[in-house]
Amino acid sequence: METVANVLVGLVAALHAYILVLEMFLWEKKPGRGLHGFDPEMARATAPLAANQGLYNGFLAAGLVWGLIAADPTGFRVQVFFLVCVVVAGVYGALTANRRILFAQALPGALALAAVLLAR
């Protein structure tokens, strides 16, 4: 179960690293604009906000990687903390921005959190 948990945490970390790249570097390009259906003008106007969100997603990814490489009990605690952050951010995003965030962010985080807790 520990291997499954580590793989899921790694996948959630990779997802948030991808979101960082999308929001910080590709927001005004086709992949970023296509995510929300923005025209170039709207993408340009919202780029600073997206970059800020991307930075936060990068912090989540970094924390999850830290949790994977740190020895226990620190690694376990760090994974739980950052996965809870992912779930909370996903639920909040689903409630305030787009319901898809619940499935794209909160659900993978919750599954990884469950696996980490079960592996303990």
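Along the sequence shown, the residues carry numbers beginning at 1.
A 6.0 Å sphere centred on CZ of Phe76 holds more than 12 heavy atoms belonging to other residues, nucleotides or ligands.
Looking at every heavy atom in both residues, Leu83 comes nearest to Gly109 through CD2-O, 3.9 Å. In terms of heavy atoms, Gly63 sits closest to Val78 at O-CG1, 3.3 Å. Nearest heavy-atom pair, Ala110 versus Val87, reported as atom, atom and distance to 0.1 Å: N-CG2, 3.4 Å. Residues Ala43 and Arg33 share a closest heavy-atom pair of CB-CG, 3.5 Å. The minimum heavy-atom distance between Val12 and Ala112, with the atom names listed, is CG2-CB, 3.9 Å. In plain terms, the two heavy atoms of Pro108 and Phe103 that are nearest each other are CD-O, 3.2 Å.
Linking Ile, Leu, Val, Met, Phe, Trp and Tyr residues whenever their side-chain heavy atoms come within less than 4.5 Å places Leu64 and Leu68 in a single cluster. By the rule that hydrophobic residues join a cluster once side-chain heavy atoms approach within less than 4.5 Å of another member, Phe25 and Tyr18 end up as members of one cluster. There is no path of hydrophobic side-chain contacts, each under 4.5 Å, that joins Met24 to Leu60. Under a hydrophobic-cluster definition in which Ile, Leu, Val, Met, Phe, Trp and Tyr are linked whenever side-chain heavy atoms come within less than 4.5 Å, directly or via other members, Phe81 and Phe59 are assigned to different clusters. Note: the hydrophobic cluster containing Leu26 also contains Leu20 (ILVMFWY, side chain heavy atoms under 4.5 Å, direct or indirect links).
A side-chain donor-acceptor contact under 3.5 Å links Asp39 to the backbone of Met42. Counting only distance, with no hydrogens or angles, the side chain of Asn52 and the backbone of Pro48 share no donor-acceptor pair below 3.5 Å. Checked by atom type and distance alone, the side chain of Thr96 pairs as donor or acceptor with a backbone atom of Tyr92 at under 3.5 Å.
Interatomic distance, CD of Glu23 versus CD of Gln53, reported as 5.0 Å (0.5 Å rounding). With rounding to the nearest 0.5 Å, the separation of CG in Asn57 from CG in Leu15 is 8.0 Å. Between atom OG1 of residue Thr46 and atom CD of residue Glu41 there is a gap of 10.5 Å, rounded to the nearest 0.5 Å. Distance CG/Leu118 to CG/Leu113: 9.5 Å, rounded to 0.5 Å.
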Evaluate Gln79 against Asn6 for side-chain contact (heavy atoms from CB on, under 4.5 Å), listing each step before the verdict. CA-CA 10 Å; Gln79 287 180 38; Asn6 287 340; 4.2 Å; yes
Working note: Trp27 + Phe38, criterion side-chain contact (heavy atoms from CB on, under 4.5 Å); need CA distance, chi angles, decisive distance, verdict. CA-CA 9 Å; Trp27 191 254; Phe38 289 165; 3.5 Å; yes
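In this structure the side chain of Asp72 reaches within 4.5 angstrom of the side chain of Arg120, judged on heavy atoms. Between Phe82 and Trp66, some side-chain heavy-atom pair lies under the 4.5 Å cut-off. Counting heavy atoms from C-beta outward, Leu107 and Leu111 have side chains that approach closer than 4.5 Å. Between Arg100 and Gln105, the closest side-chain pair of non-hydrogen atoms is not below 4.5 Å.
When Val9, Leu11, Val4 are each tested for a side chain to side chain contact (heavy atoms under 4.5 Å, CB included) with Val7, only one passes: Leu11.
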